[in-house]
Asks: 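Take this structure first; my questions come after.
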2 protein chains.
Amino acid sequence: MARSPGTTSSPRDRSGKRQSVTLQDIAAHAGVSRSTVSLVLRESPLVAEATRTQVQASIKALGYVYNRGAAALRASRTFTLGVVVYDIANPFFGAMVAGIDSVLHRENYVSFLANSEDSPERQQRFLERMREQRVDGLLLCPAEGTDPALLTQLADWNMPCVQVLRHIGTPPFDYAGTDFELGVRQAVDHLVTLGHRRIVFLGGEAEHSATRTRHQGYRDAMHAQGLGEAQRIVRGPVTRRTGFESIQTLMQESPRPTAVICHNDLMALGAMLGLQRLGLVPGEDCAVIGTDDIEEAALSLPPLTSVATHPFAIGEEAARLAMRRIANPGGAREQVVLKPRLQVRHSCAPIPASGEAQYRRYPHATLDA
Amino acid sequence: MARSPGTTSSPRDRSGKRQSVTLQDIAAHAGVSRSTVSLVLRESPLVAEATRTQVQASIKALGYVYNRGAAALRASRTFTLGVVVYDIANPFFGAMVAGIDSVLHRENYVSFLANSEDSPERQQRFLERMREQRVDGLLLCPAEGTDPALLTQLADWNMPCVQVLRHIGTPPFDYAGTDFELGVRQAVDHLVTLGHRRIVFLGGEAEHSATRTRHQGYRDAMHAQGLGEAQRIVRGPVTRRTGFESIQTLMQESPRPTAVICHNDLMALGAMLGLQRLGLVPGEDCAVIGTDDIEEAALSLPPLTSVATHPFAIGEEAARLAMRRIANPGGAREQVVLKPRLQVRHSCAPIPASGEAQYRRYPHATLDA
DNA sequence: GCCTCGTTTAGGATCGATCCAAATCTATTG
DNA sequence: CAATAGATTTGGATCGATCCTAAACGAGGC
C-alpha cells in the first residue's frame with residue numbers, strides 16, 4: 001500500500017470516465033514496481049514468494065484484466081492461431097474443429113476460425129487478416145484451386161502453417177491428415193474378398209492431394225488384385241447429389257458394376273438413395289462403401305460400411321503439430337498421417353455363387369459400431 | 001519522438017534483425033507525417049486525393065503490414081468477435097457458424113470460436129480470455145447449466161453479447177433464434193390433420209429455453225386440439241441413441257402412440273431406426289417428425305418430415321444483431337425470432353379410416369425438397 | 001565492519017498504432 | 001491587401017504491456 005507522497009496518478013481520479021486498471025495501478029496498490037507485477041503475471045520464478053502473494057492479492061482486489069493486445073505489441077507471441085476450413089457445415093470438419101479446439105484449450109491458445117467456402121480469394125483475405133492480427137500460426141485446409149505459391153508466401157511472411165487433410169505444394173511442409181491411399185485399398189480388398197470385381201470409384205474432380213491420393217489408392221489396389229482392366233473412376237463434385245445421379249447412370253450400363261467406393265460418405269449416402277430410386281436394394285444389388293465414417297453412416301439403411309478417417313484425431317494432431325512448430329520454428333517439417341480403418345457395416349453383400357438364392361434380408365438395424 | 005536532430009532512425013539500419021515496416025517508415029518514404037498515413041489507412045475523408053495516392057503507393061512499395069494489436073491498444077475497437085457454441089460437431093451448429101462467418105466476412109470482422117462442450121466452466125474460461133483479447137462483442141449459445149448471473153457479469157464487463165438459439169436470464173437481452181413453440185405447434189397440427197391423436201413428444205431433459213419453449217408449444221397445441229389428456233412428454237438426452245431406445249419402449253405400450261415429435265432430427269432419425277429394429281415401418285406404424293431439418297433429414301428412408309429452423313439464417317441474424325449492438329451499445333435490446341417452417345416429407349402417414357387397406361408403399365426416394 | 005556475490009526489484013525505453021489540439025496552407029472576401 | 005473560413009497536415013502524448021540494464025538488498029566470508 002506504499003502510496004508514495006508523489007503523484008501516483010491513479011487512472012480514474014481526474015476524468016469521470018473510468019479507465020481500466022493497469023499494471024501500474026496494481027504496482028501502486030501492492031507497493032512494488034510495474035516490472036515486478038509483470039513478472040508475477042508471467043509466473044516468473046525470479047520473484048519472491050511473499051511478493052508474489054501480495055501482488056496476486058492486489059490483482060484480485062482491483063479486478064485487473066490482462067490486456068493481451070498490449071502484451072502482444074511488445075512481446076512476439078499472441079497465443080492465437082488462425083484456422084481455415086472450406087466447409088464448416090460439413091460434420092466432418094465440425095469434428096475436426098472440435099479436435100483442434102480441445103488441444104488449443106489445453107495449451108491456453110485461442111483460435112480464429114474462417115470458412116473459405118473453397119474460394120482462394122476469400123482464403124487469401126483471411127490469411128492477410130491473420131497476419132495483421134499477428135497470429136502465432138495457421139491451420140489450413142487449402143481451398144480448391146489454391147496456388148501452391150501460397151506456401152512460399154507464408155514462408156516469406158515467416159508464418160508457421162500446418163496443412164490439414166489436403167495439402168498443396170511439395171514437401172517438406174507440415175501436414176496432418178490420413179492415409180487415403182491405404183483407406184481405399186482396404187475398401188477394394190474388402191470388396192474383392194466378398195467376390196466383387198466390377199468396382200467403380202466415385203471420386204472428386206478437383207486436383208488436390210485428397211482426391212489424387214484416393215484415386216492412386218484405387219488404381220494400385222485394383223492392379224494388385226489383378227483387376228487393372230476393370231478400373232473405372234467417375235469424377236464429379238463430392239456431393240450427395242452427384243452420388244445420387246452418378247449411380248443411376250452407372251446402373252443403366254451393362255454389365256453394371258457390383259460395387260462402388262465413394263470419395264466421402266455424403267456421396268455414398270446419395271448413391272444408396274439413387275439405388276432405391278431405381279427400385280434396387282442398396283448393398284444387395286450394388287455394394288456401397290463411403291469414406292469418413294461420419295455419424296450418419298451408422299444410421300442409414302442399410303448401415304453404411306465406411307473408411308473411418310477420424311476427424312477429431314486429425315484435428316488434435318494438427319493442433320499439436322502447430323504447437324510444436326511454434327515452439328521450434330526451425331525444426332524439421334513433419335507429416336502426421338493417421339491410419340484409417342475400414343468400418344464394416346451392412347452395405348456390402350457378397351456376390352452370391354451362381355445358383356444360390358439372390359434374396360437376402362437386411363440384418364437388424366442397430367446403432368452399435 | 002524528438003530524438004537527436006535529423007535522425008530518421010529507420011528501423012532496420014543498425015541491428016541485423018530486420019524489423020517490421022511501420023507507419024513511420026511509410027511517412028518518411030512518402031514525405032508526409034505518421035498521422036497522415038494513419039488517416040489514409042483508415043480511409044478518412046480528410047486527406048487530399050493526391051496525398052492519398054502517394055501514401056498508398058508507399059504502402060505498397062514497402063510491403064507494409066497493418067498491426068491490429070497496436071491499433072487496438074490505442075483505439076477502442078478490435079474488429080474481433082467471440083463465438084461460443086456447445087457442440088461444433090453438430091451439423092446444425094456448423095451451418096449456424098457458416099452463417100455467422102458469412103456476415104462477419106462482409107463486415108470486415110473476424111471471430112474467435114470456442115466449443116464449450118456444454119461445460120459452464122470451460123465457457124467461463126473462454127469468455128474471460130475474450131475479455132483479455134478485448135473483443136468487441138460475443139455471440140453465445142449458453143452451455144447447459146449456465147448461471148443466469150452470467151448476463152450481469154457481461155454487463156459489468158461492458159461486453160455486448162447476443163445470445164443465440166438458447167437463452168438464459170430474463171429479458172431484455174439480445175437474442176437471435178427461432179420460434180420453437182410455433183414449430184412444435186405446426187407439427188402437432190399437421191399430425192392431427194392426418195388423424196393422429198396419441199402424439200408423444202420426445203424431448204430434452206435440460207432446463208433451458210430451447211427445451212422449455214418446445215414443451216410449451218407441445219402442451220399448448222395439444223390443448224388447443226382438445227387433446228390435453230393425451231399429452232405425453234418423454235425426457236432424455238437429445239441424442240440419436242435416446243431416440244432409438246425411447247421409441248422401442250414406447251411401442252411396447254398399449255395402446256401405443258401413433259406419432260412422435262422429436263426435439264431434434266438426430267433423435268428422430270434414431271427413432272426411425274428404433275422402429276425398424278422392432279420390425280415396424282417408420283412413418284406407417286408410427287409417424288415421426290424431427291426438428292432442425294438438417295441435410296440428412298431429406299436422405300433418410302422414408303425422408304423425414306421436420307420443422308425447419310434455418311440455422312444458417314439464425315447465424316446471419318445473430319451476427320447482424322451483434323454488429324448493430326456494437327455500433328449502438330445503448331440501443332434497445334432486440335430479439336430476432338425466425339419463424340420455422342414445417343418441411344413435409346414422407347415420415348407421417350395418415351391414420352387410415354377403418355377398413356381401408358393398411359399397406360402403403362413408400363413414395364419414390366428423392367433428393368428434392 | 002567491509003566486501004563479494006547472488007537474488008529481487010526498479011525504472012526508462014520501447015512496441016506501433018490513434019487521438020487531439022494546434023499549425024499550415026488555400027481560397028475567398030470585404 | 002489583410003482578414004477569415006475551410007481544408008489538410010502535423011507532432012507530441014498516449015494506450016498498457018515487456019525488455020533490459022542497473023541498482024538495492026541480504027547473507028556469508030574474512
Side-chain angles (χ1 to χ4, degrees), chain A residues 2 4 6 8-12 14-15 17 19-28 30-55 59 62 64-79 131-134, chain B residues 1-5 8-12 14-15 17 19-28 30-55 59 62 64-79 131-134:
Chain A
S4 49
T8 327
S9 83
S10 168
R12 58 194 116 100
R14 305 195 71 75
S15 69
K17 200 179 170 190
Q19 298 190 20
S20 59
V21 180
T22 72
L23 279 201
Q24 189 65 266
D25 302 322
I26 296 183
V32 298
S33 79
R34 238 178 33 246
S35 315
T36 305
V37 179
S38 177
L39 290 174
V40 170
L41 280 177
R42 284 175 289 154
E43 306 187 320
S44 160
L46 288 181
V47 32
E49 192 48 42
T51 318
R52 178 194 315 285
T53 321
Q54 170 65 275
V55 168
I59 288 177
L62 299 188
Y64 169 74
V65 179
Y66 188 54
N67 187 324
R68 299 248 167 205
L73 179 57
R74 192 63 176 79
S76 40
R77 296 178 74 175
T78 56
F79 290 91
R131 180 149 90 128
E132 295 179 356
Q133 299 280 164
R134 301 288 198 268
Chain B
M1 278 248 158
R3 272 188 165 274
S4 35
T8 327
S9 82
S10 168
R12 56 195 118 98
R14 303 196 72 73
S15 69
K17 200 178 170 190
Q19 299 190 21
S20 60
V21 180
T22 74
L23 281 200
Q24 189 65 266
D25 301 323
I26 296 182
V32 297
S33 78
R34 233 178 35 249
S35 312
T36 305
V37 179
S38 178
L39 289 173
V40 170
L41 280 178
R42 283 175 290 154
E43 304 187 323
S44 160
L46 290 180
V47 32
E49 192 49 42
T51 318
R52 179 194 315 285
T53 321
Q54 170 64 276
V55 168
I59 288 177
L62 299 189
Y64 169 73
V65 179
Y66 188 55
N67 186 326
R68 300 247 167 205
L73 179 57
R74 192 65 177 78
S76 41
R77 295 178 74 174
T78 55
F79 289 92
R131 181 149 88 129
E132 294 179 357
Q133 297 282 355
R134 301 289 198 269

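Letters A, B, ... are given to chains in the order of the sequence lines, protein chains preceding strands, and every chain is numbered from 1. All values below come from the heavy atoms of this structure, side chains included, with hydrogens, waters and symmetry mates left out.
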Asks: In whole angstrom, give the distance that lies between atom OH of A/Y64 and atom C1' of D/dG16.
Replies: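 For the pair A/Y64 OH and D/dG16 C1', the rounded distance is 7 Å.
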
Asks: Tell me the interatomic distance from B/R134, atom CZ, to C/dT18, atom P, rounded to whole angstroms.
Replies: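 Roughly 18 Å, once rounded to whole Å.
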
Asks: Can you figure out which of C/dA17, D/dA17, D/dG16 approaches the side chain of B/L73 most closely?
Replies: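 Nearest to the side chain of B/L73 among the choices is D/dG16.
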
Asks: What is the distance, to the nearest angstrom, from the CG atom on A/N67 to the C1' atom on D/dT14?
Replies: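 My rounded result for the distance is 13 Å.
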
Asks: Distance from A/Q54 atom CD to A/I59 atom CD1, nearest 0.5 Å?
Replies: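 Reported to 0.5 Å precision, the distance equals 10.5 Å.
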
Asks: If I take atom OG1 from residue A/T36 and atom CD1 from residue A/I26, how far apart are they, to the nearest 0.5 angstrom?
Replies: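 Separation between the atoms: 12.0 Å.
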
Asks: Indicate whether any N or O donor in one side chain lies under 3.5 Å from an N or O acceptor in the other, for B/R34 and B/S38.
Replies: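 Judged by distance alone, the side chains do not pair up.
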
Asks: Could you tell me if the side chain of B/R134 sits less than 4.5 Å from the side chain of A/S20, heavy atoms only?
Replies: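 Side chain of A/S20 against side chain of B/R134, heavy atoms only: contact under 4.5 Å found.
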
Asks: What pair of heavy atoms forms the shortest contact from A/R52 to A/E43, and how long is it?
Replies: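 For A/R52 versus A/E43, the nearest heavy atoms are NH1-CA, 4.4 Å.
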
Asks: For B/S33 and D/dT10, is the shortest distance between a side-chain N/O and OP1 or OP2 below 4.0 Å?
Replies: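 True: B/S33 side-chain N/O within range (under 4.0 Å) of D/dT10 OP1/OP2.
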
Asks: Hey, which of these two, B/R52 or A/L39, hits DNA chain D nearer its 5' end, going by closest nucleotide?
Replies: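 Nearest nucleotide further toward 5': that of B/R52.
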
Asks: Could you tell me how far apart A/Q24 (CD) and D/dA17 (C1') are, to the nearest whole angstrom?
Replies: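 Interatomic distance, CD of A/Q24 to C1' of D/dA17: 11 Å.
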
Asks: Once you build an axis from the first five pairs and another from the last five of the helix from C/dG1-D/dC30 to C/dG30-D/dC1, how far apart in angle are they, to 10 degrees?
Replies: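 One end's axis against the other's: 60°.
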
Asks: Mind checking B/T36 for me? I need base, sugar-phosphate or nothing, with any heavy atom below 4.0 Å counting as a touch.
Replies: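 It contacts base atoms.
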
Asks: Ignoring backbone atoms, establish whether A/S20 has a side-chain N or O less than 4.0 Å from OP1 or OP2 of D/dG16.
Replies: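 For A/S20, the contact criterion (side-chain N or O under 4.0 Å from OP1 or OP2 of D/dG16) is met.
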
Asks: Rounded to the nearest 0.5 Å, what separation is found between the CZ atom of B/R42 and the OH atom of B/Y66?
Replies: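 If we round to the nearest 0.5 Å, B/R42:CZ and B/Y66:OH are 7.0 Å apart.
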
Asks: For A/I26 and D/dT18, what is the distance between atoms CD1 and P respectively, to the nearest whole Å?
Replies: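 Spelled out: CD1 on A/I26 to P on D/dT18 is 11 Å.
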
Asks: Check every atom of C/dT8, C/dT18, D/dA17 against the side chain of A/A71 and return the nucleotide holding the closest atom.
Replies: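 Nucleotide nearest to A/A71's side chain: D/dA17.
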
Asks: Looking at B/S33 and B/A27, what are the two nearest heavy atoms and their distance?
Replies: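 Nearest pair, atom of B/S33 first, then B/A27: C-CB, 3.6 Å.
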
Asks: Heavy atoms from C-beta onward define the side chain here; which of D/dG16, D/dT18, C/dT18 lies closest to that of A/T22?
Replies: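 So the side chain of A/T22 is nearest to D/dG16.
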
Asks: Taking only nitrogen or oxygen atoms into account, show me every contact under 3.5 Å that the protein makes with nucleotides 19-22 of chain C, one pair per line with its distance.
Replies:
| unit_1 | atom_1 | unit_2 | atom_2 | d |
| --- | --- | --- | --- | --- |
| C/dC19 | OP2 | B/R42 | NH1 | 2.6 |

Asks: Measure the CD-CZ distance between A/E132 and B/R68 for me, rounded to the nearest 0.5 Å.
Replies: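 Atom-to-atom, A/E132:CD and B/R68:CZ are 4.5 Å apart.
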
Asks: Whole-Å distance between D/dT9 P and B/Q54 CD?
Replies: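 My rounded result for the distance is 11 Å.
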
Asks: Find the distance A/L23:CG to D/dG16:C1' and express it as a whole number of Å.
Replies: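 So the two atoms are 7 Å apart, to the nearest Å.
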
Asks: Rounded to the nearest angstrom, tell me the gap between atom CD in A/E132 and atom P in C/dC15.
Replies: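 It is 20 Å, rounded to the nearest whole Å.
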
Asks: Compare all side-chain heavy atoms of B/T22 with those of B/N67 and state whether any distance is below 4.5 angstrom.
Replies: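 Counting from C-beta outward, B/T22 and B/N67 never come under 4.5 Å.
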
Asks: Out of B/D25, B/L41, B/V37, which one pairs with B/Y64 under the side chain to side chain contact (heavy atoms under 4.5 Å, CB included) rule?
Replies: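 So the option named by the test is B/L41.
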
Asks: Both A/V47 and B/L41 contact DNA chain C. Which one's nearest nucleotide lies toward the 5' end?
Replies: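 It is A/V47, whose closest nucleotide lies nearer the 5' terminus.
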
